Colleague: 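This structure is in structure tokens; I'll ask about it shortly.
Small disclaimer: the values here were computed from a predicted structure and weren't measured. Note that these values count all heavy atoms, side chains included, but never hydrogens, waters or copies made by symmetry.
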Amino acid sequence: MATKLITIPRAQAEIKRLQQYITLVEEYQADTLEKWIIKEYSYTNSITEVVKRANAKGITLDQSYAKSVLKAKPSDELHRMLRSGYFARLKPKKRILLTLVFSRLSAHFGC
């Protein structure tokens, strides 16, 4: 794997950005189920893992509800950041799926 060159000022800015994110997550008050889902997602970036952690704590939670919390209108800065990242991860998958569907339709109808 090739190493990308970076300048000291850019590295310092990245360290500052990451430290701010860590502080935001660590200080986040998960005083509702929705905020707990958001905080757990910030640690895992996985809806499946959030559901597993909830069930391990005795909290009944399904994936569709956890997804709906993440997709909902952001209630705070952490939620906004995670929602944006979640949708960014979904877009490439949807694009690939649509390409596959359209290519199969084209082949089927001889277009």
Colleague: Could I get the full list of salt bridge (Lys or Arg N to Asp or Glu O under 4.0 Å) partners for R17, not counting sequence neighbours?
Modeller: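 Only E14 meet the salt bridge (Lys or Arg N to Asp or Glu O under 4.0 Å) criterion with R17.
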Colleague: Using the side-chain hydrogen bond (donor to acceptor under 3.5 Å, both in side chains) criterion, which residues pair with Y21? Sequence neighbours excluded.
Modeller: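 For Y21, no residue satisfies side-chain hydrogen bond (donor to acceptor under 3.5 Å, both in side chains) once neighbours in sequence are set aside.
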Colleague: Using side-chain contact (heavy atoms from CB on, under 4.5 Å) as the criterion, list what pairs up with E27, not counting sequence neighbours.
Modeller: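 In terms of side-chain contact (heavy atoms from CB on, under 4.5 Å), with neighbours along the sequence ignored, E27 is linked to T23.
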Colleague: Mind jotting down which residue pairs meet the salt bridge (Lys or Arg N to Asp or Glu O under 4.0 Å) criterion with at least one end in residues 37-48? Sequence neighbours excluded, please.
Modeller: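 Only E40-R53 qualify under salt bridge (Lys or Arg N to Asp or Glu O under 4.0 Å).
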Colleague: Who passes side-chain contact (heavy atoms from CB on, under 4.5 Å) against S64, sequence neighbours left out?
Modeller: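 Listed in chain order: D62.
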Colleague: For I8, which residues count as a side-chain contact (heavy atoms from CB on, under 4.5 Å) partner, sequence neighbours excluded?
Modeller: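 Listed in chain order: Q12.
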Colleague: So, taking the atom named CD in E34 and the one named OG in S75, what distance separates them when rounded to the nearest 0.5 Å?
Modeller: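 So the gap between those two atoms works out to 8.5 Å.
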Colleague: Could I get the full list of side-chain hydrogen bond (donor to acceptor under 3.5 Å, both in side chains) partners for R83, not counting sequence neighbours?
Modeller: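 Here no residue qualifies.
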Colleague: Treat each ILVMFWY residue as a node, draw an edge where side-chain heavy atoms are under 4.5 Å apart, and state whether I38 and L33 are in one component.
Modeller: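 Same cluster: I38 reaches L33 through Ile, Leu, Val, Met, Phe, Trp or Tyr contacts under 4.5 Å.
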Colleague: Could you please spell out the steps behind the side-chain contact (heavy atoms from CB on, under 4.5 Å) verdict for M81 and Y86?
Modeller: CA-CA 9 Å; M81 293 170 69; Y86 179 75; over 6 Å; no
Colleague: Give every residue pair that meets the salt bridge (Lys or Arg N to Asp or Glu O under 4.0 Å) criterion with at least one member in residues 65-79, sequence neighbours excluded.
Modeller: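 Salt bridge (Lys or Arg N to Asp or Glu O under 4.0 Å) check on residues 65-79 returns E77-R80.
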Colleague: How many angstroms lie between atom OH of Y65 and atom CD1 of I37, to the nearest 0.5 angstrom?
Modeller: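 CD1 of I37 is found 5.5 Å from OH of Y65.
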Colleague: Return the OH to CG distance between Y41 and L70, rounded to the nearest 0.5 Å.
Modeller: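 Reported to 0.5 Å precision, the distance equals 5.5 Å.
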Colleague: So if you build clusters from Ile, Leu, Val, Met, Phe, Trp, Tyr with side-chain heavy-atom gaps below 4.5 Å, do L24 and V50 land together?
Modeller: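 Yes: a chain of side-chain contacts under 4.5 Å links L24 to V50.
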Colleague: Excluding sequence neighbours, so at least two apart, what forms side-chain contact (heavy atoms from CB on, under 4.5 Å) with T7?
Modeller: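 Partners of T7 under the side-chain contact (heavy atoms from CB on, under 4.5 Å) test: P9, R10.
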Colleague: Please give me the minimum heavy-atom distance between A54 and L61, naming the atom from each residue.
Modeller: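 Taking A54 first and L61 second, the nearest heavy atoms are CB-CD2, 3.6 Å.
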Colleague: Please list all pairs meeting side chain to side chain donor-acceptor pair (under 3.5 Å) that have one or both residues in residues 42-52, counting only residues at least two apart or in different chains.
Modeller: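 Matches after skipping sequence neighbours: T48-Q63.
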